[in-house]
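Below is one structure; the comments refer to it alone.
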Amino acid sequence: MSEQTLRERRRKHDLDEVKTNDNDNIKASGSVQPSKPRPNNRSNNYSWLTWGIIIGYLALLLYRNWDRLYDFMHPWFGIKFTSNNEPRSVEILAEPKKQEAIIAAFKHAWSAYERDAFGDDEYHPISRVGSNLTKAGGIGYTIVDSIDTMVLMGLEDEEKRARQWVQNNMNLDRDGDFNTFETTIRVLGGLLSAYYLTNQSIYLERATELGDRMLPVFDTPSGIPMSFINLGRREGVTDKHNHGLSSTAEAATLQLEFRYLSYLTENELYWEAVEKVMKVMKSARVIQGLAPIFISQQTGQFVSSDIRLGSRGDSYYEYLLKQHLQTVRAKTVKKRCIMYDDAMDAIHKYLLKRSPREKILYTSELIPERKQGSTEVTWRQVPKQDHLVCFLGGSLMLGATDGAQMSVPPQMQDFTRGQVRDWRTGVDLIKTCLATYETKTGLSPEIVHFRERDDAIPATSVVHGDWYIKGNRDNSVPYDARYILRPETVESLFIAYRLTGNNYYREFGWRIFKSIEKHCKIPEGGYASILHVDTIPVTYEDKMETFLMSETLKYLYLLFSDDSVLPLDKFVFNTEAHPLPIFTPHMRTGFS
Ligand code: DMJ
């Protein structure tokens with residue numbers, strides 16, 4: 001057919017269409033009217049498409065915010081929805097192969113320590129020597145810190161040798177200054193947990209002796225403990241570097257251990273000493289639920305100092321929850337811990353922030369500033385988060401359950417509005433911590449900073465999207481970049497997995513374990529800290545922190561256990577991962 005014939009046919013077809021349309025108009029009105037513009041098929045399609053997109057977008061919005069909608073409706077209308085994006089009644093089963101790999105890692109660490117430094121407080125895996133925390137000799141930090149992990153992993157021979165050392169060689173009569181907090185969480189906590197798990201009386205005997213030697217730290221005008229204890233002289237010692245101030249986290253992280261010791265020995269002195277600390281802190285003027293990192297032993301008042309959830313602040317918040325959970329079902333204990341609730345409200349109000357681009361949720365720090373000549377304090381917010389803060393994700397999720405036995409995962413309609421908020425924040429904070437493990441080594445740095453709009457960061461920083469490792473001006477390796485075998489993220493993964501059964505947490509935990517194996521394992525024995533998580537091959541730091549065996553490997557092992565092992569409604573972990581049973585106290589606790 002020729003081009004011309006085609007064109008003619010098209011013209012005829014167009015005319016026919018016009019005619020047909022005009023006929024329609026005639027029929028409708030009874031007279032000839034100029035034809036009105038009618039939507040053609042294509043514009044019809046467009047409007048359907050637009051509506052489709054709008055409805056689809058709204059459906060997606062609703063789907064993704066189902067829990068928020070519930071959170072909003074529930075308190076107002078008592079409406080009960082079921083969260084549809086989480087599985088129900090998940091069974092928590094063990095993964096024995098992964099557990100075996102983690103046990104092998106523990107043995108690799110322990111056997112090197114036993115070979116090179118048995119009895120010393122700390123271990124240096126590169127130089128293959130041990131060291132003690134005071135010149136007066138050690139008190140077995142590493143040994144005692146590791147015993148309950150051995151018991152859980154079924155390492156009977158190792159536990160037996162450790163127990164013999166505690167029986168025959170452990171000497172607490174040392175004329176040296178030991179850190180009050182570290183000695184409590186590692187040694188006292190370790191002994192108490194070992195006693196609970198083995199029922200071997202030597203552990204309780206040593207714990208009682210240690211508790212007695214430590215009691216003088218509380219002999220201060222306010223009852224706020226001194227930072228050090230001379231165990232041999234039985235004398236509290238103030239921290240000369242901090243002008244007689246105590247760090248808040250350190251003073252408020254003795255309660256689980258001393259209370260349980262009181263319960264076991266029926267000696268109220270330990271209980272009263274640590275209970276008083278909480279009462280003093282309760283009546284001190286905290287800033288809307290947030291506690292500055294230093295408190296005076298003289299006055300029992302907080303002093304103007306940073307507010308943060310990292311170093312010197314972290315376990316204050318952790319123990320507000322845990323000392324409440326430790327006796328939560330006892331009739332003598334108040335139902336909710338007001339100090340904890342206030343603190344969580346304040347964290348949400350003042351510390352939580354989202355990064356500008358990727359909207360990552362993180363906790364910032366507050367630094368007090370005073371203009372010259374003025375008494376008024378203003379708070380500068382700093383977008384910095386220590387690895388230490390990574391305990392908070394799991395802790396918030398645990399706090400949301402209030403230590404109760406719940407379905408796995410819990411049903412959001414069983415939660416109050418505040419509990420839903422804490423739960424969701426916990427989930428998001430864990431995500432943030434996991435994001436900071438996306439480095440060349442797969443390990444997270446000691447400190448991260450988050451980007452802010454129009455910020456100017458040192459050119460030597462290593463930037464990962466919205467977070468970065470702050471570089472030094474002189475290009476030296478920044479302190480912030482190291483990974484020292486810390487446990488906080490795997491601790492949160494363990495809690496989150498136990499509470500949700502969501503395999504994502506196990507998968508990530510396994511990735512972290514593999515990274516530790518790849519980059520921190522010393523072939524000749526032990527594990528070392530590394531200086532920069534974004535530099536391969538790594539440079540080691542000659543230290544194996546005791547919390548590798550007491551916390552990091554224990555939490556990894558428990559992450560792959562079934563839930564009959566140390567269930568979270570029956571045990572509470574001290575801040576060094578030593579499990580202590582929940583119990584009904586003889587004394588009333590009234591700090592909250
Ligand atoms: C541990 O000793 C404890 O978890 C403490 O509360 C904080 N720091 C270390 C582990 O990072």
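Ligands are counted one by one from 1 in listed order, and the atoms in each one are counted from 1 as well.
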Legend entry - Exam field: side chain T238 to backbone G244, donor-acceptor pair closer than 3.5 Å: no

Inset, instruction - Can you pull out the closest protein heavy atom to atom 10 (C) of ligand 1? Residue, atom name and distance to 0.1 Å, please. - result: E488 OE2, 3.1 Å

Inset, instruction - Determine, using heavy atoms of E551 and all atoms of ligand 1, whether some pair is separated by less than 4.0 Å. - result: yes

Legend entry - Under 3.5 Å donor-acceptor, N574 side chain and G189 backbone: no

Legend entry - Pairing of K384 and E365 as salt bridge, 4.0 angstrom limit: yes

Inset, instruction - Could you check Y141 against D120 for side chain to side chain donor-acceptor pair (under 3.5 Å), going step by step and ending with a plain yes or no? - result: CA-CA 7 Å; Y141 263 48; D120 289 345; over 6 Å; no

Inset, instruction - Among all protein heavy atoms, pick out the one at the shortest distance from atom 6 (O) of ligand 1; state its residue, atom name and that distance to 0.1 Å. - result: T575 OG1, 2.6 Å

Legend entry - Non-hydrogen atom of R186 closer than 4.0 Å to ligand 1: yes

Legend entry - A284 to Q301 - nearest heavy-atom pair and separation: CA-OE1, 3.9 Å

Inset, instruction - For R186 and T183, test the side chains for any donor-to-acceptor distance below 3.5 angstrom and give the result as yes or no. - result: no

Legend entry - Interfacing atoms of ligand 1 (cut-off 4.0 Å, heavy-atom, R486): 8 (N), 9 (C), 10 (C), 11 (O)

Legend entry - P487 neighbourhood, listing ligand 1 atoms whose heavy-atom distance to it stays under 4.0 Å: 10 (C), 11 (O)

Legend entry - A577 contact mode with ligand 1 (heavy-atom cut-off under 4.0 Å): neither

Inset, instruction - Using a strict cut-off of less than 4.0 Å between a Lys/Arg side-chain nitrogen and an Asp/Glu carboxylate oxygen, indicate whether R486 and E491 qualify as a salt bridge. - result: no

Inset, instruction - Specify the protein heavy atom at minimum distance from atom 2 (O) of ligand 1: its residue, its atom name, and the distance to 0.1 Å. - result: E576 OE1, 2.6 Å

Inset, instruction - Only heavy atoms count here, so choose which of T552, L548, L388, T546 is nearest to atom 7 (C) of ligand 1. - result: L388

